[in-house]
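Note that ligands are numbered from 1 as they come in the structure, with each ligand's atoms numbered from 1 the same way. Any value given below was found using the heavy atoms of this structure, including those in side chains, with hydrogens, waters and symmetry copies removed.
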Amino acid sequence: MAQIQCLSPHVADLIAAGEVVERPASVVKELLENAIDAGAAAVVAEMEHGGLTYLRITDNGCGIAPEQLPTAFLRHATSKLRTESDLAAIGTLGFRGEALAAISAVSHVDIFSRETGAAMGAALHLDGGVPAEVTETGCPEGTTICVRDLFYNTPARMKFMKKDTAEASAITGIVQHLSLSHPDVSFKLIKDGAEVLHTPGDGQLLSAVYAALGRDFALGLVPVRGCGGDVTVEGFVTKPLSGHGTRGRQIFFVNGRFVKSQLLSAALEEAYRNQIMKGKFPGCVLHVTLPKNAVDVNVHPAKTVVKFVSDKTVFDAVYYTVLDTLSVKPAGQKAEISRSAVPRAAAFGVPAPEQSAPPERKENFYQTMTAEEYRTKNPAPAPSPAPAPLGSFVSRVPPAASEWGRKLTVNDGGSRPAAAPVSARTAAQTAGTAEEKSAQKAAEMPAPPVQAQEMPGQQTFAAAAPWRIAGEVLRTYIICEAEGGTVYLVDKHAAHERLRFDALKAHPAPVMPQVLLTPLTVELDQDAYTALLEQLPLLREFGFACEDFGGGTLLVREIPDYVDAADVPAALEELSEQFLSGGGKAESARDALLHTMACKSAIRAGMHSDPKELAALVEKVQSGQIQYCPHGRPVKVKITRHQLEKLFKRA
Ligand code: ADP
Ligand code: MG
């Protein structure tokens, strides 16, 4: 066995650096946090090549004394922590005294700093953590740190770096989060010479949200404020109708620190239960504040994970604060306590919210009734729409609202200047919402009773097909009776989606791109934005002509004919999610686009379908050609005679 020896400080620093400095974004995070801790009112971050070749952070904080400059770069050197007892109540963002040591160990660093009120500043250069001499220099009050050629001496780490766009996007995410946690500080981010973000630093959270996350997101928010025990919750949450395709816009801060927390997400989503469309997630910018000793931030070197002393108190505070805001109710009354909060809360080891207040009725449709309740209260069947033309599966109601017709409405820019891009979400809000609502209502209405004579094969089993269609329920499920007394329920959308997917995969249909008269802008969270940017050529091939509009926004000039303009943000969000889960592989990205094509052009649940179409579809399902939809859900379920007899206590 080789001799056991202590590692040299240089090797120990390199190993430690690996934990703190994972990628350029971690450098930006540490340096910006130092600037905030130094009391800066304005910070500028500049990056080139995703921060890999060049990063510069400039602040107007308190500065560092010349003689302290080399000390700041030593491991475990900090001005923020003195004794063990200080650890229990950390009030600054940094405290480990590791960042400058770690960053300088894996790059070339130049630092210039002048203390507030000092006549002169000082400069220091470090190569791989080895400092040169401190020199006196003239510089503005505050600190500027330049980091060049990150990971130049750790090639193994360099191999893990993603494309510049992905690293730049991660940096943007960091700056967004910090600007939202510190609305009193002005943040500017410059990427390859162009400004991508600039917050005013006026102390208003909404101004920071607007500047950092975009106008559309800001307009879809409502303010929330509340407390429970010694936990206060404050910030903004999305209106139920402004849900997002991913959780990327759920942004939480605990005592001013950005955190990722399943507990907080669960509390937020629980408050939206039954109020938000399926598949949509609420977004938020929420600040949770609690006593310093009620939370442990020292769980992980990156400090994005926190542990609460009382999970239940925090869960309840977030849940009730959001629920109170979403509930329309007379002033002074406590929000209704949802029983459904129990299972999710329990999953985190959190006892259920106390059932103290009597349930009360709220006015809002989304909040008062479940789909079942709505159906029982509105038993009248919807008027039967005119039979759809035969021969095509794509039969949609109402026929008047053709996609192209709606596109024209959206593009009819009114007083907007012709070239100004229209925000897609705004377009969706104005043009699509009423229709979406009516489509959703239609989906919840009982389907018109299917006339016996409409259904082919209703009377007898045809010789060629040993099954017959007995009807359709909920405008979604086809009931099919097979010989031998077995009943099948077929999900018409799932089945048709699979049929379309297989057909498109075998013979990709030419996409008909529609040029939008006025381009749309779609704001995305950083991960979604990066994932889509990496697939721009493929998106174009499938009819989405998009361009990078900077700052997490895509500019969409053309869309495929099978997608409605109002659906574009949702479609792109869905695609990004699939690109991300496919790990950026070309084949899975192509499949994701085929899924979207198949899904958007398939007959929809909740819409009237021609009986002949349904019969043709059941034929494919019963012949075994189709078993699962492209998302892996079954297209049919089987109910045996025995199961039915058991239900009726006959067996
Ligand atoms: P930590 O932030 O955990 O204390 P760092 O390695 O990030 O450790 O920084 C070491 C010390 O250098 C800090 O404690 C602080 O005193 C000083 N420092 C770092 N950056 C700045 C800055 N931008 N302005 C003023 N002081 C700074
Ligand atoms: Mg620090």
Side-chain angles (χ1 to χ4, degrees), residues 9 12-14 16-22 24-46 55-84 86-87 89-107 109-118 120-126 128-131 134 137 139-147 150 174-175 177-178 181-182 185-188 255-258 297-304:
D13 281 351
L14 280 180
E19 267 187 31
V20 182
V21 188
E22 214 187 321
S26 10
V27 175
V28 173
K29 176 172 183 287
E30 293 295 337
L31 296 183
L32 288 179
E33 288 190 349
N34 280 349
I36 295 165
D37 284 346
V43 200
V44 183
E46 293 159 82
L55 278 170
R56 184 164 75 172
I57 312 290
T58 307
D59 70 57
N60 62 357
C62 65
I64 306 172
E67 67 279 7
Q68 296 259 285
L69 272 185
T71 318
F73 286 87
L74 296 178
R75 243 174 104 202
H76 307 306
T78 177
S79 58
K80 301 166 192 172
L81 193 66
R82 288 279 175 269
T83 63
E84 186 185 326
D86 294 345
L87 256 186
I90 290 159
T92 50
L93 293 167
F95 56 86
R96 290 168 167 258
E98 282 179 331
L100 292 186
I103 294 164
S104 63
V106 290
S107 65
V109 169
D110 278 295
I111 181 167
F112 307 87
S113 195
R114 174 151 74 102
E115 281 191 293
T116 316
M120 286 295 280
L124 176 66
H125 177 83
L126 300 99
V130 181
V134 176
T137 181
C139 59
E141 283 181 357
T143 305
T144 297
I145 300 189
C146 254
V147 177
L150 192 62
I174 293 287
V175 181
H177 295 155
L178 281 167
S181 59
H182 295 84
V185 179
S186 163
F187 287 82
K188 191 193 276 191
N255 288 351
R257 192 187 290 282
F258 170 76
V297 293
N298 198 8
V299 180
H300 184 264
K303 295 175 284 194
T304 50

Please table the atom pairs, donor to acceptor, closer than 3.5 Å between any side-chain atom in residues 61-73 and protein atoms at least two apart or in another chain.
none

Say whether [X], considering both its backbone and side-chain N or O atoms, lies within less than 3.5 Å of an N or O atom on ligand 1.
X: Asp37; result: no
X: Leu100; result: yes
X: Asp59; result: yes
X: Ala99; result: yes
X: Gly97; result: yes

For Glu46, the salt bridge (Lys or Arg N to Asp or Glu O under 4.0 Å) test, sequence neighbours excluded, returns Arg56
Of the side chain and backbone of [X], name the one, both, or neither that has a heavy atom under 4.0 Å from an atom of ligand 1.
X: Ala77; result: backbone
X: Ala38; result: side chain
X: Thr143; result: side chain

### Least distance between heavy atoms, Asn60 atom then Ala42 atom
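Heavy atoms only, the tightest pair is OD1-N, 3.1 Å.
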Here the pair of heavy atoms bringing Ser181 nearest to Leu178 is OG-O, 3.0 Å
Do Leu31 and Leu100 touch side chain to side chain, with heavy atoms closer than 4.5 Å? yes
Taking the side chain as every heavy atom from C-beta outward, state whether Ile145 and Ile103 have any pair of such atoms under 4.5 Å apart. no
Report task. Any chance you could measure Glu22, atom CD, to Lys29, atom NZ, to the nearest 0.5 Å? Result ->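 It is 11.0 Å, given to the nearest 0.5 Å.
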task = Going by heavy-atom distance to atom 21 (C) of ligand 1, choose the closest among Leu32, Ile57, Asn34, Val43.
result =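 The nearest heavy atom belongs to Asn34.
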For Thr78, the ligand 1 atoms with a heavy-atom partner under 4.0 Å come out as 1 (P), 4 (O), 14 (O)
*Can you tell me if Glu141 uses its side chain to pair, donor with acceptor, with the backbone of Gly117 under 3.5 Å?*
yes
| How about Asn34: does one of its N, O or S atoms come closer than 2.8 Å to the Mg ion (ligand 2)? |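 Asn34 does place an N, O or S atom closer than 2.8 Å to the Mg ion (ligand 2).
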